[in-house]
Amino acid sequence: MIAMNDNIYMARAIQLAQKGLYTTHPNPRVGCVLVKDGEIIAEGWHKKAGGSHAEIHALQQAGDNAKGATAYVTLEPCCHQGRTPACSQALINAGIKRVIAAMEDPNPLVSGKGMAQLQAAGIEVESGLMTAQAEALNPGFNMRMSQGRPFVRCKMAMSLDGRTAMASESKWITGDAARTQVHQLRARSSAVITGIGTVLADDPSLNVRLEEPAPEGGWIDPVRVVLDPNMSLPVTAKMLELPGRTIVVTATDDKGMEAELVQAGAEIIHLPAPGGAIDLPELLIFLANEEMNEVLLETGATLSGAMLNAGLVDELVIYMAPHLMGNGARALFNLPGLEKMDQRIDLNIKDIRAVGKDWRITCEVQNNK
């Protein structure tokens, strides 16, 4: 039976899980709190893939005092041997008497089996406490496990009249605070997707450049994914000079250019679709198979519009700058074919807040196909 204090301890576990926001992928962000006789005796969170899970950190901190304690975990304890031993067996071995999980693990290797193993060992188990908050910790992991694709977050910046750049130039239109948040979005993402048009126009780095204190091990740059149907990425592109992976996704088969790009440091993936385009659904399947949870779409109106039209965008993060740019400037999205009201793409606005001098609007895309 869930009591008031259970909510307090689970809220703390969720707070702990957030410490792994930038470091755990492809694993989920998980927190754990051990409570005994009404007191927190140990805490833990998953810090990095390949390292100990949240439950193990907490059990190590508690030592023998863990016997008879209650464990509050934001995700069902794993029950399989992966890169680390099963957490369910560790909880059993430590003598934990009660386990409360915020949500069931969507990983088919676990998915209820962890809780069943605990229950079979005589441990009292409950789940479903603060589930929505726990799900919000890991939108990408949850989607990859349940739907076989990553969570796609599209970041855009616009003026008050819905324009992204002047027709003759491409410059930042938002302030420093908004730009800092964009780097935070990159830092929490497994990959950043952009189009060849954006690369040719801006020669972006798409890496993480933050002045705030870095997590243990430093900031992790996302994988850079360039959608380049005709394989026209210059071998001198700035991103090819940076550490980490740059994946060029193409629809053409130019062996000569491919060899040059590979020599420059790119990985080439062929995902052709009819008409010389790139197969966008297959792209997300490929990224999921590469264990990428959250991907950030940073691109222009054409690719972002194509992803929206294909029902492949889950969240929009739009920064609105307080100025007007006129009807000759570039539009936010190219969405051809929307001619009637019933063809609209419905959004659920989850949050609106000031970010420096700008405003940030966060929307859930409702009618994914």
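Residues: numbered from 1 along the sequence shown.
With 3.5 Å as the limit, one finds a donor-acceptor pair spanning the side chains of Asn334 and Thr302. Side-chain contact check for Arg144 and Asn142: no donor-acceptor pair (N or O, by modelled atom type) lies under 3.5 Å. Side chains of Glu364 and Asn348: a donor-acceptor N/O pair is present below 3.5 angstrom, by distance only. Between Arg29 and Gln18, the side chains place no donor N or O within less than 3.5 Å of an acceptor N or O (distance only, hydrogens not considered). Judged purely by distance below 3.5 Å, without hydrogens or angles, the side chains of Thr252 and Asp254 never pair a donor atom with an acceptor atom. Side-chain contact, Glu104 with Ser111: a donor N or O sits under 3.5 Å from an acceptor N or O. One side chain, Gln117 or Gln89, offers a donor N or O that lies under 3.5 Å from an acceptor on the other. For the residue pair Glu212 / Gln184, a side-chain donor-acceptor distance below 3.5 Å is found, with atom types taken as modelled.
The hydrophobic cluster containing Leu316 does not contain Leu296, counting ILVMFWY residues as joined when their side-chain heavy atoms lie under 4.5 angstrom apart, directly or transitively.
Within the structure, side-chain hydrogen bond (donor to acceptor under 3.5 Å, both in side chains) contacts touching residues 270-279 (residues at least two apart or in different chains) are Glu258-His270.
In this structure a side-chain-to-backbone donor-acceptor pair under 3.5 Å is missing from Asp105 to Leu75. In this structure a side-chain-to-backbone donor-acceptor pair under 3.5 Å is missing from Arg188 to Leu185. No side-chain donor-acceptor contact under 3.5 Å links Thr299 to the backbone of Leu303. In this structure a side-chain-to-backbone donor-acceptor pair under 3.5 Å is present from Arg163 to Ala329.
Between Arg360 and Asp358 there is no salt bridge, since none of the side-chain N atoms of the basic residue sits less than 4.0 Å from a carboxylate O of the acidic one. For the pair Asp342 and Arg344, the salt-bridge criterion is not met [side-chain N within less than 4.0 Å of a carboxylate O]. A salt bridge is absent between Glu76 and Lys113; no separation between the charged side-chain nitrogens and carboxylate oxygens falls under 4.0 Å. Between Glu43 and Arg12 a salt bridge is recorded (basic side-chain N to carboxylate O distance below 4.0 Å).
Evaluation of the side chain to side chain donor-acceptor pair (under 3.5 Å) rule for Glu211 yields no partner, not counting sequence neighbours.
Summarising the local packing, NZ of Lys350 is surrounded by more than 12 heavy atoms from other residues, nucleotides or ligands at distances under 6.0 Å.
Aromatic ring pairs are classed by plane angle as parallel below 30°, tilted from 30° to 60° and perpendicular above 60°; the pair Tyr22 and Trp219 is perpendicular.
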